[in-house]
Amino acid sequence: MVELNPQMLVTLWQIERCGSFSAAAKALGWSQPAISQQIKKLESQCAMRLVTRTARGVELTPAGAMLARHGGAMADELAQAQRQLEDYRRGSFAHLRIVAPPSICSTIVAKTVVRLSIADEKALHGGGADSRDAFIAAAGAEHGTNGEHATPRLEISLAQMEPPEAIEQVSAGEADAAIIFRYDTLPHFLRIDETLHFEPLGADPLRLLVRRSSAIGKAYERNREPVDLTAAHAETWIAGCATCRANLLKLASRAGFQPDIRHSTDDYWATQNLVEMGMGVSLVPTLDTKIHVQDDLVACALRDADASRQVGILTRVHDARESLGLLRNELAETARHYLQPIPTVE
């Protein structure tokens, strides 16, 4: 396997961007012979031509263009790292990496990220005393400054991920927080050890997604009363992710039947299309239905008290950063508009 030099890939990208060796050398602050030597060595390693000369300068071969794309990505990452380092040195930067499953990403997390971004912009431009004070406190506490000489900046990276993978990311330090769901029917399905802390944000009831023209759909439209899961015992089913599938099996078992699962997908839009085409029924969280429900479908409330999932934020136990506390507070505020209070056990 060829061991590629990252700097050579960045140089190749600069050549493509600038259109000539001399222009690339100027952009990188090197001599043209040094650039030529790098490309000659890279071509030797790859055993193929990467750059060809033309009347207008130079062009990359298909292989060169492919490698240049990776070089460009590396250049972007390096530039971002330099910006973040400079912000960090000034005590004005906090970066949080968040992971969450699709339905939570599209609702609670997306709204929270927008709220924090707006507050960040206000802080940067001197607007909104409360938001500015919060960001100054977060940046100052994390970087050992009092915030008097730095304008704080909070950057959030968001990625979609199902709960088992999200837990692994937080545990390994690859993510700072995960907004996940778990089911009371499966208390030991997700492995959350003593190094992690789960803080509930609220309950997200499950709904039975059926065609509006079905017997279940017509009855629900008529009386709007919660549906028993047993009403769909003879239906074919569309399951979700591994966690959701396990919950469906548990709920159905408690209701006295074995669901005939024909399809599995964690894509809500695919689930809707399958239900619409008469391929089965499905359990979906209420959060999904807040995104969209097709006109010929109906999401029926369920009578089973266990037909719900608990949504919460997962962090590492000793991670007491102020920016993380700010995120937690904003998530809790946003969740109040999407989730129900978690029932207390007497």
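The figures here come from the full heavy-atom set of this structure, side chains too, leaving out hydrogens, waters and symmetry mates.
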Asks: Are L339 and I104 connected, step by step, through hydrophobic side chains (Ile, Leu, Val, Met, Phe, Trp, Tyr) whose heavy atoms are closer than 4.5 Å?
Replies: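 Yes: a chain of side-chain contacts under 4.5 Å links L339 to I104.
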Asks: Are T52 and V58 packed together at the side-chain level, in the sense that at least one heavy-atom pair is separated by less than 4.5 angstrom?
Replies: no
Asks: Would a 4.5 Å heavy-atom cut-off, applied to side chains only, mark D76 and M74 as touching?
Replies: no
Asks: Counting distance only, does the side-chain N/O of T107 pair as donor-acceptor with the main-chain N or O of L287 below 3.5 Å?
Replies: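 Checked: no pair found.
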Asks: Has the side chain of T271 got a donor or acceptor atom that lies under 3.5 Å from a matching backbone atom of D267?
Replies: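 Yes, because the side chain of T271 sits within donor-acceptor range (under 3.5 Å) of the backbone of D267.
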Asks: Using every non-hydrogen atom in the two residues, find where P341 and A203 come nearest and quote the distance to one decimal.
Replies: O-CB, 4.1 Å
Asks: Taking the six-membered ring for Trp, are H263 and W237 closer than 6.0 Å centroid to centroid?
Replies: no
Asks: Between R211 and E276, does any side-chain N to carboxylate O distance fall below 4.0 Å?
Replies: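 E276 and R211: not salt-bridged.
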Asks: As a quick check of understanding, evaluate side-chain contact (heavy atoms from CB on, under 4.5 Å) for F181 and S103, giving each step before the final call.
Replies: CA-CA 10 Å; F181 62 83; S103 61; 5.5 Å; no
Asks: With salt bridge (Lys or Arg N to Asp or Glu O under 4.0 Å) as the criterion, how do R316 and D176 come out once you've worked through the C-alpha distance, each side chain's angles and the decisive distance to 0.1 Å?
Replies: CA-CA 8 Å; R316 290 181 291 279; D176 299 298; 3.6 Å; yes
Asks: With side chains defined as the heavy atoms from C-beta onward, is the minimum distance between Q258 and H233 less than 4.5 Å?
Replies: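 No. Closest side-chain heavy atoms not under 4.5 Å.
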Asks: Can you check ring pair (Phe, Tyr, Trp, His ring centres under 6.0 Å) on H292 and W269, steps first, answer last?
Replies: CA-CA 9 Å; H292 178 70; W269 302 102; 5.6 Å; yes
Asks: Which pair of heavy atoms, one from A307 and one from L302, lies closest together, and at what distance?
Replies: CB-CD1, 3.8 Å
Asks: Mind running side-chain contact (heavy atoms from CB on, under 4.5 Å) on Y220 and V210 for me, showing each step along the way?
Replies: CA-CA 10 Å; Y220 183 74; V210 301; over 6 Å; no
Asks: Less than 4.0 angstrom from a charged side-chain N to a carboxylate O is my criterion; do D260 and R262 meet it?
Replies: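 Between R262 and D260 there is a salt bridge, with a charged N closer than 4.0 Å to a carboxylate O.
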Asks: Can the positive tip of R182 be found less than 6.0 Å from the middle of the six-membered ring of F198, inside 45° of the ring normal?
Replies: yes
Asks: Within the 4.5 Å heavy-atom criterion, are I261 and L249 side-chain neighbours or not?
Replies: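 The answer is yes; the side chains approach within 4.5 Å.
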Asks: Once you round to the nearest 0.5 Å, how far does SG of C46 lie from CG of L67?
Replies: 5.5 Å
Asks: Evaluate side-chain hydrogen bond (donor to acceptor under 3.5 Å, both in side chains) for T289 paired with R207, printing each intermediate quantity in order.
Replies: CA-CA 9 Å; T289 67; R207 290 178 172 267; 4.6 Å; no
Asks: Donor-acceptor check, side chain of R17 to backbone of L12, threshold 3.5 angstrom: yes or no?
Replies: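 Not at all, since once roles are kept as given, no pair shorter than 3.5 Å links the two residues.
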Asks: Is there a path of hydrophobic side-chain contacts, each under 4.5 Å between heavy atoms, that joins L96 and L314?
Replies: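 Yes, because L96 and L314 connect within a single hydrophobic cluster, where side-chain heavy atoms sit under 4.5 Å apart.
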Asks: Determine whether D184 and R309 satisfy the following criterion, salt bridge (Lys or Arg N to Asp or Glu O under 4.0 Å), listing intermediate values before the conclusion.
Replies: CA-CA 7 Å; D184 290 336; R309 64 180 189 174; over 6 Å; no
Asks: Got a second to check how far T334's OG1 is from R336's CZ, nearest 0.5 Å?
Replies: 9.0 Å
Asks: Looking only at the side chains, is there a donor atom on one of N247 and T185 sitting less than 3.5 Å from an acceptor on the other?
Replies: yes
Asks: Determine the minimum heavy-atom distance between F189 and A246, stating which atoms define it.
Replies: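 Taking every non-hydrogen atom into account, CE1-CB, 3.7 Å.
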Asks: Is the side chain of T61 donor-acceptor paired with the backbone N or O of G64 at a distance under 3.5 Å, no angle test?
Replies: yes
Asks: Hey, does the side chain of N223 reach the backbone of A219 with a donor-acceptor pair shorter than 3.5 angstrom?
Replies: yes
Asks: Is R303 reaching over with its side chain to a backbone N or O of P226, donor-acceptor style, under 3.5 angstrom?
Replies: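 The answer is yes, because a donor-acceptor pair under 3.5 Å joins these two groups.
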Asks: Provide the closest heavy-atom pair for C300 versus I216 in the form atom of the first, atom of the second, distance.
Replies: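 Result for this residue pair: SG-CG2, 4.3 Å.
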Asks: Measure across E221 and R224 and return the closest heavy-atom pair with its distance rounded to 0.1 Å.
Replies: OE1-NH2, 2.7 Å
Asks: Evaluate the side-chain proximity of V99 to L158: yes if any heavy-atom separation is below 4.5 Å, no if none is.
Replies: no
Asks: So, does D266 use its side chain to make a donor-acceptor pair with the main chain of G240 at under 3.5 Å?
Replies: no
Asks: May I ask you to decide if P102's main-chain N or O and S106's side chain share a donor-acceptor pair within less than 3.5 Å?
Replies: yes
Asks: Using only atom types and a distance under 3.5 Å, with no angle test, would you say the side chain of Q272 pairs donor to acceptor with the backbone of Q294?
Replies: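 Yes, the answer is positive, given that a donor and an acceptor are paired below the 3.5 Å cut-off.
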Asks: Kindly work out whether a path of hydrophobic side-chain contacts (I/L/V/M/F/W/Y, heavy atoms less than 4.5 Å apart) joins L28 to V51.
Replies: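 Cluster IDs for L28 and V51 match.
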Asks: Is it true that, when you exclude R56 itself, more than 12 heavy atoms of the residues, nucleotides or ligands shown sit nearer than 6.0 Å to its CZ?
Replies: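 Count not over threshold, so no.
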Asks: Taking salt bridge (Lys or Arg N to Asp or Glu O under 4.0 Å) as the test, write out the residues that go with D288, two or more places apart.
Replies: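 By the salt bridge (Lys or Arg N to Asp or Glu O under 4.0 Å) rule, D288 matches no residue at all.
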Asks: In this structure, would L201 and I291 fall into the same cluster of hydrophobic residues linked by side-chain contacts under 4.5 Å?
Replies: no
Asks: Which distance, rounded to the nearest 0.5 Å, do you find between the CG of L208 and the OG of S282?
Replies: 8.0 Å
Asks: Quick one: pull up CG in D304 and CG in D228 and give me the separation to the nearest 0.5 Å.
Replies: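 The CG atom of D228 is 8.5 Å from CG of D304, to the nearest 0.5 Å.
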Asks: Does this structure show an ion pair linking D296 with R212, if we count only N-O contacts that are shorter than 4.0 Å?
Replies: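 No.
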Asks: Using side-chain heavy atoms (C-beta onward) and a distance below 4.5 Å, is E59 in contact with R53?
Replies: no
Asks: Could you please spell out the steps behind the side-chain contact (heavy atoms from CB on, under 4.5 Å) verdict for E168 and R191?
Replies: CA-CA 9 Å; E168 290 180 3; R191 298 180 180 179; over 6 Å; no
Asks: Just by modelled atom types, is the Q32 backbone N or O under 3.5 Å from a matching donor or acceptor in the S36 side chain?
Replies: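 Yes, the answer is positive, given that a donor and an acceptor are paired below the 3.5 Å cut-off.
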Asks: What is the distance from atom OG of S44 to atom CD1 of I39, rounded to the nearest 0.5 Å?
Replies: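 Here the rounded value is 12.5 Å.
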Asks: What distance separates R328 CZ from R321 CZ, expressed to the nearest 0.5 Å?
Replies: 10.0 Å
Asks: Taking the side chain as every heavy atom from C-beta outward, state whether W30 and T11 have any pair of such atoms under 4.5 Å apart.
Replies: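 In short, these two side chains touch, coming nearer than 4.5 Å.
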Asks: Indicate yes or no: at least one non-hydrogen side-chain atom of P259 is less than 4.5 angstrom from one of L248.
Replies: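 Contact flag for P259/L248 side chains = yes.
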Asks: Considering non-hydrogen atoms only, spot the tightest contact between A177 and T315 and give its length.
Replies: CB-CG2, 4.0 Å
Asks: Which other residues end up in the same hydrophobic cluster as V293, if Ile, Leu, Val, Met, Phe, Trp and Tyr are linked when side-chain heavy atoms come under 4.5 Å apart?
Replies: L209, I238, Y268, L274, V275, M277, M279, V284, L297
Asks: Find out if a path of hydrophobic residues (ILVMFWY) with successive side-chain heavy-atom gaps under 4.5 Å connects V109 to L324.
Replies: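 The answer is yes; both residues are in one hydrophobic cluster.
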Asks: Give the C-alpha distance, both sets of side-chain angles, the deciding distance and a yes or no for side-chain contact (heavy atoms from CB on, under 4.5 Å) between I167 and L190.
Replies: CA-CA 8 Å; I167 292 171; L190 297 177; 3.8 Å; yes
Asks: Is the closest side-chain donor-acceptor distance between D193 and T195 under 3.5 Å?
Replies: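 On atom types as modelled, these side chains qualify, holding a pair under 3.5 Å.
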Asks: According to salt bridge (Lys or Arg N to Asp or Glu O under 4.0 Å), who are the partners of E43, at least two apart in sequence or on a separate chain?
Replies: R49
